[in-house]
Amino acid sequence: MEKIGIFIFGLLLSGCSQYLQQPLRTSQSRLGVESTQHQILESLPEPEEPIVVAVYKFKDQTGQYKETDVGSSWSTAVTQGATSILLRALEESNWFVPIEREGLNNLLNERKIIRSSRGGYETQENSNQPLIPPLLFGGVILEGGVISFDSNLMTGGAGARYFGLGSSGQYRIDRITVYLRAISTSNGRILKTVYTSKTILSQQVDVGIFRFVDFQRLLEAETGFTYNEPSEMAVREAIEKAVVSLIIEGAIDGLWKFQNPDDLNNNMVIGYQKEKLENESTNVFGTQFKDRRAGLSVGIHGAGWAYAGDYGESKMFPAAEIDLEVFSNRPVALNFAFGYGTIGTKDTYQADILLTEITANYRWFTKMPSTPYLRFGLGTIIEVDNNLPQEAGGFNTSYPFFISEIGYEHLIKDRLGLSLGANYRYAFDDDMDRVLQGKYNDAFWEGKIGVRYYFPIRSKEKKMGISKRKEN
């Protein structure tokens, strides 16, 4: 029963929500699921006047086919209905009046049939029928397409198995890229080009048990689920994001106008400009590289010190540290630290010490929220009190040492970081514990956890503002 309980617990960890939504019966047809960009598309400010646009073909330009376990299939990796997706996005935005151009031949043929039918009817009945109104023409043509599908952009997973009970998980990230451009029909000038991308997530979780629970009794069970984000939804979201971008950037550049001129300063436009500025320092996986750490910071740490000297039965004692760091925004920073605590053994040797040190701190990724770091330098231990007898002409009370530390830091909020570290302080003398023996000097280990506050950055950052309108 205990093993079955462990299996059920692993089953719940594997994503119980998926099992509460099992497709146990057929479902009725329903309206299509909207993407996260659709609400933004519908909440755009009203235009001064809707723009008549023509879309001839917004097609898949990747030329890629779906991958299978035995190679490639004849099914395309990207939907071939991107034109229909774009036309709906234009209609839902209330900014454009899309006109039919993809099926233009069908439209012209139907108009010919109407003329022919009316001509014969007028001859027979001597009746005048109204003329067919002329076709609308677009002042703007929208071109572009899905120009890239990057499969297996990132893959990974993890798993563990113990005595026949285990679970595993895998994931894969693909990516599509969409370009959309607006062209003036009067002179052929490309008015604006925008570019958006969307990742597609696929993941799989498995849980299983295979074990003998009794003599000649084998328990074997497995379960799991697989989730594949629909590629059509990803294409739709990327296209809708492109339409939003085209509207806002065109309004900023003066290609078209908001009904209310003050909407150029609303939160949506300013938020888009901020997103575009941040996008310049964001990589393909969505990680933003920017100056997150200021040049000056202060850290407070709680620590545990473990003595490593000539006595046995080492014991870990609590300690506290505070440090001031300069050039924290650079890969190599200068750190001044002060600490107070106790080192020693359980019964034989204990000493309260005060330490000061100056170190160089190297961070691998200064522009990312998380980064490992390496710290090394020199310091001095000052013995405040100990339980050993003082001898005339005896030992010193201060000892220089070398420190090396490795750790990890993560910014949990702007200007506030959480760090974990472990270091080793090796004294240049062997008489810190009043015993001179062995070939190694006295030392002690430290494990610590702390917080670091980065003072506000004062730099000449780009101010978010509204671009000047370009004259037509």
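Computed from a predicted model, the values in this text were never measured in an experiment. Just so you know, residue 1 is the first one in the sequence shown, and it goes up from there.
In this structure Phe376 satisfies the ring-ring contact (aromatic ring centres under 6.0 Å, His included) test with no other residue, sequence neighbours excluded. Every side-chain hydrogen bond (donor to acceptor under 3.5 Å, both in side chains) that Arg88 has, sequence neighbours left out, goes to Glu34. Every salt bridge (Lys or Arg N to Asp or Glu O under 4.0 Å) that Glu446 has, sequence neighbours left out, goes to Arg425. Remark: Lys315 pairs with no residue by the side-chain hydrogen bond (donor to acceptor under 3.5 Å, both in side chains) rule, at least two apart or across chains. For Tyr307, the ring-ring contact (aromatic ring centres under 6.0 Å, His included) partners are Tyr349, not counting sequence neighbours. Under the rule for a ring-ring contact (aromatic ring centres under 6.0 Å, His included), the partners of Phe258 that lie at least two apart in sequence or sit in another chain are Trp95. With sequence neighbours left out, the salt bridge (Lys or Arg N to Asp or Glu O under 4.0 Å) criterion links Arg375 to Glu357, Glu405. Residues satisfying the ring-ring contact (aromatic ring centres under 6.0 Å, His included) criterion with Phe444, sequence neighbours excluded, are Trp305. Not counting sequence neighbours, the partners of Leu378 by the side-chain contact (heavy atoms from CB on, under 4.5 Å) test are Phe402, Phe428.
Within the 4.5 Å cutoff, no side-chain heavy atoms of Leu416 are placed close to those of Leu411. The closest side-chain heavy-atom distance from Ser245 to Thr196 is below 4.5 Å. Contact of the Glu249 side chain with the Val194 side chain is registered, since non-hydrogen atoms from C-beta on lie closer than 4.5 Å.
Within the structure, side-chain hydrogen bond (donor to acceptor under 3.5 Å, both in side chains) pairs that include any residue of residues 336-346 comprise Thr342-Asp352 (at least two apart or interchain). Evaluation of the salt bridge (charged side-chain N to carboxylate O under 4.0 Å, His left out) test over residues 258-271, restricted to residues two or more places apart or in two chains, returns none. Counting only residues at least two apart or in different chains, ring pair (Phe, Tyr, Trp, His ring centres under 6.0 Å) contacts with residues 148-181 comprise Tyr179-Tyr195.
No side-chain donor-acceptor contact under 3.5 Å links Thr155 and Arg172. No side-chain N or O of Ser202 forms a donor-acceptor pair with one of Tyr227 less than 3.5 Å apart. In summary, the side chains of Asn361 and Asn335 do not present any donor paired with an acceptor at a separation below 3.5 Å, with no hydrogens or angles considered. A donor-acceptor contact closer than 3.5 angstrom is absent between the side chains of Thr76 and Gln64. Donor-acceptor pairing under 3.5 Å is lacking for the side chains of Asn94 and Glu92.
Heavy-atom contacts from other residues, nucleotides or ligands closer than 6.0 Å to CD of Glu313 number 12 or fewer. Applying the 6.0 Å contact sphere to CG of Asn267 captures no more than 12 heavy atoms from other residues, nucleotides or ligands.
The pair Glu46-Lys257 does not count as a salt bridge, with every side-chain nitrogen at least 4.0 angstrom from each carboxylate oxygen. Look at Glu220 and Arg211 and you find no salt bridge, because none of the NZ, NE, NH1 or NH2 atoms lies under 4.0 Å from a carboxylate O. A salt bridge does not link Glu237 with Lys241: none of the charged nitrogens is closer than 4.0 Å to a carboxylate oxygen. Residues Lys59 and Glu143 are not paired through a salt bridge, judged by the lack of any N-O separation under 4.0 Å between the basic side chain and the carboxylate.
Panel note: side chain Trp364, backbone Tyr373; no donor-acceptor pair is recorded below 3.5 Å. A side-chain donor-acceptor contact under 3.5 Å links Asp174 to the backbone of Asn152. Of the possible polar contacts, one joining the Glu229 side chain to the Leu201 backbone as a donor-acceptor pair under 3.5 Å is found. Side-chain N or O atoms of Ser35 include none that pairs as donor or acceptor with a backbone N or O of Arg236 at under 3.5 Å. Side chain of Arg293 to backbone of Thr366: a donor-acceptor contact under 3.5 angstrom is found.
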Discussion item. Go through it in stages, so that I can follow the logic: the residues are Thr371 and Arg363, the test is side-chain hydrogen bond (donor to acceptor under 3.5 Å, both in side chains), and I'd like the CA-CA distance, side-chain angles, deciding distance and then a yes or no.
Written reply: CA-CA 6 Å; Thr371 175; Arg363 291 184 178 88; over 6 Å; no
Practice prompt. Given side-chain contact (heavy atoms from CB on, under 4.5 Å), test Asp429 with Asn441 step by step and report yes or no.
Written response: CA-CA 6 Å; Asp429 296 320; Asn441 295 340; 5.7 Å; no
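Separation of the Tyr453 and Phe455 ring centroids falls under the 6.0 Å cut-off.
The residue from Ile176, Thr177, Val146, Asp150 that alone fulfils the side-chain contact (heavy atoms from CB on, under 4.5 Å) condition with Thr62 is Val146.
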